[in-house]
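What follows is a single structure, written as structure tokens, with notes after it.
Side chains are part of it too, since the values below use all heavy atoms of this structure and drop only hydrogens, waters and symmetry mates.
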Amino acid sequence: MKIVTRDIPPRAAWTLEQSGLHPLLARLFAARGIQHPDELDDALARLLPPASMQGTLDAARALANAMQAGQRVCVVADYDCDGATACAVAVRGLRLLGAALGWDRVEYLVPDRVNDGYGLTPAIARRVKQRGADWLLTVDNGIASVEGVRVARELGLQVLVTDHHLPAVQDGAVTLPQDCLIVNPNQPGCGFESKSIAGVGVMFYVLLALRAELRERGVFALQTQPRIDALLPLVALGTVADVVKLDTNNRRLVAQGLKRVRAGAMPPGMAALFTAAGRQPQKASSFDFGFALGPRLNAAGRLADMTLGIECLLTDDPGRADELARALDGINRERRAIEGDMREQALMLAEELFDESEEPPPAITVFDPDFHEGVVGIVASRLKDKLHRPTFVFAASGAEGKEHELKGSGRSIPGFHLRDALDLVAKRHPGVLLRFGGHAMAAGCTIDEEHLDTFEQALAQVAHEWLDDATLQRRLEADGALEPQYRRPDLVDALHGHVWGQGFAPPVFCEEVQIVSQRLVAEKHLAVKLKHQGDPVDGIWFGHTEPLPTRVKIAFRLDADEWQGQRRVRFLIEAAEF
């Protein structure tokens with residue numbers, strides 16, 4: 001591991017500090033590209049305007065017409081946390097806005113990961129039609145569902161696609177669904193600045209535009225319009241859990257959601273998930289969304305039925321919410337057990353690809369017939385973290401009649417755009433990829449089992465061409481040394497109160513320390529007593545068992561725990577360089 005210190009633009013740090021920001025925060029924000037205090041203003045009024053997202057105004061007019069005509073809307077969701085929260089935001093928001101018209105004709109449908117696969121398929125379109133819907137509204141999917149939209153339109157359904165994924169590309173040209181409305185900041189021609197907005201954020205923007213349209217039509221006045229900002233806790237949860245880049249607009253959405261959660265203003269299902277995870281909403285952080293609530297919702301889509309998760313977010317009955325949250329917690333425990341077994345097996349298979357004395361190949365592909373397809377993405381992420389290579393993990397499809405197919409999920413490292421890599425594999429080896437899609441850091445694909453070797457070699461070849469030694473060197477960006485006067489619980493609390501995440505990394509400090517003593521805790525964590533600039537500090541390195549030398553450069557995050565009635569700072573070690 002190479003620990004490198006982020007550059008801190010001095011003028012930006014000075015400007016932020018002069019605005020009244022704490023010197024430590026000024027330094028951290030400047031290192032993350034913040035140049036002016038306005039960028040830290042998280043007021044709702046600072047959000048990018050809905051009209052700047054292509055298609056929102058047309059979508060708002062169409063939905064307003066549907067409401068006033070008493071038409072039925074069916075939301076087609078995705079089976080991850082972003083899809084679940086987007087579905088809950090759509091259903092809650094449409095019901096809230098339609099209430100003034102006496103309209104409440106909205107329901108939802110979520111595909112089954114195994115039997116239906118991803119997105120709006122022709123079969124899903126038929127099921128929506130059978131339910132008697134007039135409108136089909138996708139959330140967090142649909143931009144690549146060309147065939148599904150075509151069938152839906154042939155059946156007489158009106159279609160509104162809300163998505164944030166990249167469109168399909170065929171023969172070098174972008175291919176979009178036809179004869180439908182599309183709201184997606186990543187469609188050609190859209191000038192919306194926040195290209196990283198999550199699917200739940202896109203749906204929230206449609207609701208903002210719809211509220212304005214209904215207001216224009218005189219359905220309600222500005223003073224009495226419904227408060228759809230009550231949906232922001234769901235928007236924040238889905239945004240963080242989907243690991244999208246936390247650009248300025250996304251940070252504002254998350255910050256607004258966190259404020260409401262800390263004040264206790266959230267759906268009962270979210271409150272119940274905090275309880276099930278043993279977390280305190282009044283101290284909520286983006287970490288809770290990404291590592292406590294998000295995994296419990298995702299577990300339903302991986303191992304069971306995401307309807308459980310969506311119902312948890314939709315119910316207004318605290319008792320029902322508690323019951324569903326406990327069920328989701330149980331599924332997540334099962335997911336962790338399956339993941340643990342798969343991770344060990346996948347690591348063994350990966351390590352067979354190279355000798356112990358060698359570097360891993362430029363890309364990793366593993367498959368085992370016993371792998372569970374709902375957990376391949378998590379296992380791919382763990383392998384990628386362990387080996388620092390683009391990684392795909394495949395499992396056999398459990399869908400009837402598709403037993404010959406393998407479903408793979410991939411995770412990547414900085415500098416290797418995974419979806420673009422799949423696109424190049426598809427061009428070089430026509431027919432190998434039956435379906436694929438995703439982002440730079442995460443993607444998925446379906447192949448025939450007979451093509452597994454071809455896929456493995458093709459992906460490794462692309463990685464060999466695109467990755468150089470510098471990219472393959474494991475690096476951790478840190479924020480330099482921590483001044484002793486900043487080693488205080490109140491400053492730790494201040495840091496935790498801000499929004500951190502993908503593309504806006506949480507603070508990690510680095511410097512050389514003296515290790516005074518060390519021991520294993522629960523046989524899998526290294527607890528240390530160290531001296532930081534001459535002062536004794538406790539530290540722990542979770543998931544690490546190898547002892548550290550007496551003097552070592554470490555990268556660490558700050559945490560505050562309580563001991564004998566006193567709060568003290570401890571270091572959470574992330575890496576060591578020696």
Side-chain angles (χ1 to χ4, degrees), residues 78-80 111-123 141 144-148 165-171 175 301-302 342 345-346 349-350 352-353 360-384 387 389-412 416-466:
D78 186 23
Y79 39 68
D80 67 358
D112 179 88
R113 179 186 291 269
V114 174
N115 296 315
D116 297 315
Y118 171 78
L120 172 59
T121 63
N141 75 95
S145 303
V146 175
E147 187 66 10
H165 295 93
L166 297 173
V169 177
Q170 190 170 16
D171 298 327
T175 303
R302 296 183 189 282
M342 277 179 58
Q345 178 64 14
L349 291 170
E352 290 175 1
L353 299 174
I364 303 291
T365 300
V366 296
F367 161 69
D368 188 281
D370 294 328
F371 282 174
H372 191 296
E373 70 172 270
V375 188
V376 289
I378 300 176
V379 174
S381 181
R382 302 290 189 265
L383 275 188
K384 180 267 298 181
L387 300 173
R389 295 293 187 272
T391 301
F392 257 91
V393 177
F394 283 90
S397 172
E400 186 176 347
K402 296 185 177 180
E403 293 80 4
H404 61 289
E405 291 184 359
L406 303 182
K407 290 188 176 180
S409 188
R411 298 294 184 270
S412 194
F416 189 81
H417 196 298
L418 205 53
R419 185 193 172 279
D420 287 354
L422 290 180
D423 188 47
L424 185 53
V425 169
K427 288 182 172 68
R428 290 177 173 178
H429 302 273
V432 167
L433 294 178
L434 301 177
R435 291 174 294 280
F436 73 92
H439 303 289
M441 304 302 288
C445 67
T446 303
I447 64 174
D448 273 318
E449 185 172 354
E450 65 179 359
H451 292 146
L452 179 63
D453 289 343
T454 302
F455 174 86
E456 179 178 9
Q457 293 166 15
L459 183 66
Q461 179 61 34
V462 176
H464 177 74
E465 296 168 8
W466 288 6

Legend entry - Evaluation steps, salt bridge (Lys or Arg N to Asp or Glu O under 4.0 Å), between R419 and D423: CA-CA 6 Å; R419 185 193 172 279; D423 188 47; 5.4 Å; no
For the student: nearest non-hydrogen atoms of [X] and [Y], plus distance:
{"X": "V379", "Y": "A346", "answer": "CG1-CB, 3.7 Å"}
{"X": "D368", "Y": "Q345", "answer": "OD2-NE2, 3.3 Å"}
{"X": "F392", "Y": "G410", "answer": "CE2-N, 3.5 Å"}
{"X": "V366", "Y": "A350", "answer": "CG1-N, 3.8 Å"}
{"X": "P390", "Y": "L418", "answer": "CB-CD1, 4.5 Å"}
{"X": "L406", "Y": "A396", "answer": "CD2-CA, 3.8 Å"}

Legend entry - V376 and M342, any side-chain heavy atoms less than 4.5 Å apart: yes
Inset, instruction - For residues Y79 and D116, determine if any side-chain heavy atom of one lies less than 4.5 Å from a side-chain heavy atom of the other. - result: no
Approximate separation, where rounding is to 0.5 Å, of [X] [atom1] and [Y] [atom2]:
{"X": "I447", "Y": "L452", "atom1": "CD1", "atom2": "CG", "answer": "5.0 Å"}
{"X": "S145", "Y": "Y118", "atom1": "OG", "atom2": "OH", "answer": "7.0 Å"}
{"X": "L349", "Y": "T365", "atom1": "CG", "atom2": "OG1", "answer": "11.5 Å"}
{"X": "D448", "Y": "L433", "atom1": "CG", "atom2": "CG", "answer": "10.5 Å"}
{"X": "L422", "Y": "F455", "atom1": "CG", "atom2": "CZ", "answer": "5.5 Å"}
{"X": "H417", "Y": "L166", "atom1": "NE2", "atom2": "CG", "answer": "6.0 Å"}

Inset, instruction - Walk me through it: do R428 and V462 pass the test side-chain contact (heavy atoms from CB on, under 4.5 Å)? - result: CA-CA 10 Å; R428 290 177 173 178; V462 176; 3.8 Å; yes
Inset, instruction - Answer yes or no: is there a donor N or O on one side and an acceptor on the other, between the side chain of R411 and the main chain of A380, under 3.5 Å? - result: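 No, the answer is negative, given that no donor and acceptor are paired below the 3.5 Å cut-off.
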Inset, instruction - Report yes or no: does E405 contribute a side-chain atom to a donor-acceptor pair with the main-chain N or O of T446 at less than 3.5 Å? - result: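 No, because the side chain of E405 does not come within donor-acceptor range (under 3.5 Å) of the backbone of T446.
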Inset, instruction - Would you check, one step at a time, whether the test side-chain contact (heavy atoms from CB on, under 4.5 Å) holds for L353 with E456? - result: CA-CA 11 Å; L353 299 174; E456 179 178 9; 3.7 Å; yes
Inset, instruction - Give the C-alpha distance, both sets of side-chain angles, the deciding distance and a yes or no for side chain to side chain donor-acceptor pair (under 3.5 Å) between E465 and Q461. - result: CA-CA 6 Å; E465 296 168 8; Q461 179 61 34; 2.8 Å; yes
Inset, instruction - Mind running side-chain contact (heavy atoms from CB on, under 4.5 Å) on V425 and F436 for me, showing each step along the way? - result: CA-CA 11 Å; V425 169; F436 73 92; over 6 Å; no
Legend entry - Crowding at NE2, H464 (>12 non-hydrogen neighbours, <6.0 Å): no
Inset, instruction - Go through the steps for E147 and R435 under the test salt bridge (Lys or Arg N to Asp or Glu O under 4.0 Å), then give the verdict. - result: CA-CA 13 Å; E147 187 66 10; R435 291 174 294 280; over 6 Å; no
